[in-house]
Each structure stands twice: as C-alpha cells, then as structure tokens.
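First up is the structure itself, then whatever we jot down about it.
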Amino acid sequence: MKIATWNVNSVRVRLPHVLDWLEQHQPDVLCLQELKCEASGFPWEALQAAGYHAYVAGQKAYNGVALLGRCPGEDVGMGMESFADTQQRVIAATFGDVRIVSVYCPNGEALTSAKYAYKLAWFDGLSDYLRLALKRWPQLVVAGDYNIAPHDDDVYDPKAWAGEVLCSEAERAKFEALLDLGLVDCFRSLYPQQRDSFSWWHYRVNAFKRNMGLRIDHVLASDALKSRLHECCIDLAPRGLERPSDHAPVMAEFR
DNA sequence: ATGGTTGATCGTCAA
C-alpha cells in the first residue's frame, strides 16, 4: 500500500502536476494540503476521471486538506474533536485496514506571533486527537505538512535556522510528543543518517536549485504498521517543474 | 536592514 502526502499550494493551480504524478506513481492514497479553495471549487471531476475517490475539507482562500483514494474511504472525519478550529487542517478516513489522516499543521509565522501560540496549542490538540485515534485504529498513518523540521539534519543551514520558527525547541518537542504516542517518522526510521533530504524550499533566491530546504512534510506510521514499512522517499521531480508547489511529495510504501 | 516569490483576491494576508 502506497501512501503519499503533498502540500500542493492551491489544488486548482497544481491540478496538472497532481494528475501527472498520480498517473506516474499510482499511490493508493494521496493526502493533500493547502487546497486554497472551498469544496465547491475542488476539481472533483478531473480526479474522479483519474480513478480517485476524493474527500475534501476546504475553505475559501486558505488551508484546506483532502484525501484521494483508489478505493473508497470509510468513516470520513473532518477536524479534531479535541481542538475547535475554524481552519480546515485535518481530514481522516479508513482505507482497507489502515486509518489515514491528512494534516496541514499551522506555520506559526514567527516565535513572537500569535500564530505561533496557536500552532503550539494546535499540536496539543493533535496529540489528544491522535491518542484516541490510535486506540480505535491501531493501524494508523498521519501524513502531511507538519511545518516542523524535527532535527538539525532536516535543515540545510541549522545554524542560520537555530531557534527560528519551524526549528524551535518548543516545536520540536511537540513533534516528539507525537512520536511518543507510538508513531514513527517513516523517512527518518529508514534513513537515520540521511542529510540534505528536504521536502520544502522557499520560492525565493533559487532555494530549490541550491537545495536550501527543510524536511517539514512527514509520513508518520503507528508502531503496528512499522514492520510493514518498506520504503519512504521524497520525490524531487515535481518541485523542478514549471510553476511548482513549494513542497515536494513524500511517499511511503507498506507491504 | 531590506527584499526576494507565489497564491487568493483584487489591497493585502499568508506562507
């Protein structure tokens, strides 16, 4: 079972990239983030024609998450009971024997911002949500844009980014707290020494060409799925296309 | 210190 995640930064602008990528890689489930449209503006027909069932939590202009499945998803849930939120950042569904959650975690903007306090509180809500989800669905995958680089090895210039948003100790502690629930970072568990592998690069200053990136998009799998984890890779190709998302897709395969 | 890039929307906000 191939499960992928991709922050597309507008699903309508990126639709051609998404369709090409689905055809090339044939994931069983693709988690999308930053749709930047309401459900009424979502490209339902094109994705259905590509062979995917879509489940969408959208809103006007900002945020928005979706799940695309080769097979229908069941028990679809939007948002988190543990955290009242006007922003659409979470959607979950069961595909076969695996519960899959697509998450778009808050960016935080800067440590002094009110959005940073919201981010930290939001992660506490996510922990509570996932603790309950793991009890109900031991085979759980949580994939998305976490807006956290868990370790200095996930940052192109750790000294420059030290203490900055996406890399601060408080944010990293929130990420660790997720792992402590019984989740594993698929990429890092397979490649514990890997450096210079990133999933996001700024649009500015030719950051992608210079590989000035951060690894902030992650596929987390529950301990019950860990033994089935076979591969996890970041596909750099879409980031090099014309008019790309600023994020690359990350895909994990379970057998 | 400033500005640089993109998307939604149409003067800014968000990333």
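A, B, ... follow the sequence lines: proteins, then strands. Residue 1 opens every chain. As the structure is a computational prediction, the values presented were derived from the model and not from experiment.
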Report, one pair per line, the protein and nucleotides 2-4 of chain B atoms (nitrogen or oxygen only) whose separation is under 3.5 Å.
unit_1	atom_1	unit_2	atom_2	d
B:dG4	N1	A:Arg204	NH1	2.9

Who else is in the cluster with [X] when I, L, V, M, F, W and Y are joined by side-chain contacts under 4.5 Å?
{"X": "A:Trp44", "value": "A:Trp6, A:Val8, A:Val11, A:Leu15, A:Val18, A:Leu19, A:Trp21, A:Leu22, A:Leu30, A:Leu32, A:Leu35, A:Phe42, A:Leu47, A:Tyr52, A:Val56, A:Leu68, A:Met251"}
{"X": "A:Leu132", "value": "none"}
{"X": "A:Leu183", "value": "A:Met80, A:Phe83, A:Val90, A:Val101, A:Val103, A:Tyr118, A:Trp122, A:Phe123, A:Leu126, A:Tyr129, A:Leu130, A:Leu134, A:Leu140, A:Val142, A:Tyr146, A:Ile148, A:Phe175, A:Leu178, A:Leu179, A:Leu181, A:Leu220"}

Between [N] ([atom2]) and [X] ([atom1]): distance, integer Å:
{"X": "A:Leu35", "N": "B:dA14", "atom1": "CG", "atom2": "P", "value": "18 Å"}
{"X": "A:Asn9", "N": "B:dG7", "atom1": "CG", "atom2": "P", "value": "6 Å"}
{"X": "A:Tyr62", "N": "B:dA14", "atom1": "OH", "atom2": "C1'", "value": "5 Å"}
{"X": "A:Asn107", "N": "B:dT6", "atom1": "CG", "atom2": "P", "value": "18 Å"}
{"X": "A:Gln59", "N": "B:dC13", "atom1": "CD", "atom2": "P", "value": "17 Å"}
{"X": "A:Ile148", "N": "B:dA15", "atom1": "CD1", "atom2": "C1'", "value": "16 Å"}
{"X": "A:Gln88", "N": "B:dA8", "atom1": "CD", "atom2": "C1'", "value": "17 Å"}
{"X": "A:Gln33", "N": "B:dG7", "atom1": "CD", "atom2": "C1'", "value": "16 Å"}

Residues forming a salt bridge (charged side-chain N to carboxylate O under 4.0 Å, His left out) with [X], sequence neighbours excluded:
{"X": "A:Asp85", "answer": "none"}
{"X": "A:Lys36", "answer": "none"}
{"X": "A:Glu164", "answer": "none"}
{"X": "A:Arg215", "answer": "A:Asp154, A:Asp185"}

Set of residues satisfying side chain to side chain donor-acceptor pair (under 3.5 Å) with respect to A:Arg131, sequence neighbours excluded: A:Asp128
For A:Glu231, all residues meeting side chain to side chain donor-acceptor pair (under 3.5 Å), sequence neighbours excluded: A:Tyr191
Touch class at under 4.0 angstrom, heavy-atom based, for A:Phe208 against every strand present: nothing
Check against salt bridge (Lys or Arg N to Asp or Glu O under 4.0 Å), A:Arg255 and A:Glu253: CA-CA 7 Å; A:Arg255 289 185 179 169; A:Glu253 183 176 0; 3.3 Å; yes
Close approaches to DNA chain B from residues 108-118 of chain A, in residue order (heavy atom, under 4.0 Å): A:Lys115
DNA chain B-proximal residues of residues 166-178 of chain A, any heavy atom under 4.0 Å: none
Parallel, tilted or perpendicular: ring planes of A:Tyr55 versus A:Phe95, cut at 30 and 60 degrees: perpendicular
Residue A:Arg12, side-chain atoms from C-beta onward, closest of B:dA15, B:dG7, B:dA8: B:dA8
Residue A:Tyr203, side-chain heavy atoms: nucleotide from B:dC13, B:dA15, B:dT5 that is nearest: B:dT5
Lys/Arg-Asp/Glu bridge criterion (N-O < 4.0 Å) met for A:Asp153, A:Arg195: yes
Along DNA chain B (nearest heavy atom to each residue), the more 5'-positioned of A:Glu34 and A:Ala61: A:Ala61
Nearest-nucleotide 5' precedence on DNA chain B, A:Asp246 against A:Ser10: A:Ser10
Phosphate OP1/OP2 of B:dG7: any A:Arg243 side-chain N/O under 4.0 Å: yes
Residue-phosphate contact under 4.0 Å: A:Arg14 side-chain N/O, B:dG7 OP1/OP2: yes
B:dA14 and B:dC10, which share atom name P, separated by this distance in whole Å: 14 Å
Same-atom distance (P) from B:dA15 to B:dT2, integer angstrom: 23 Å
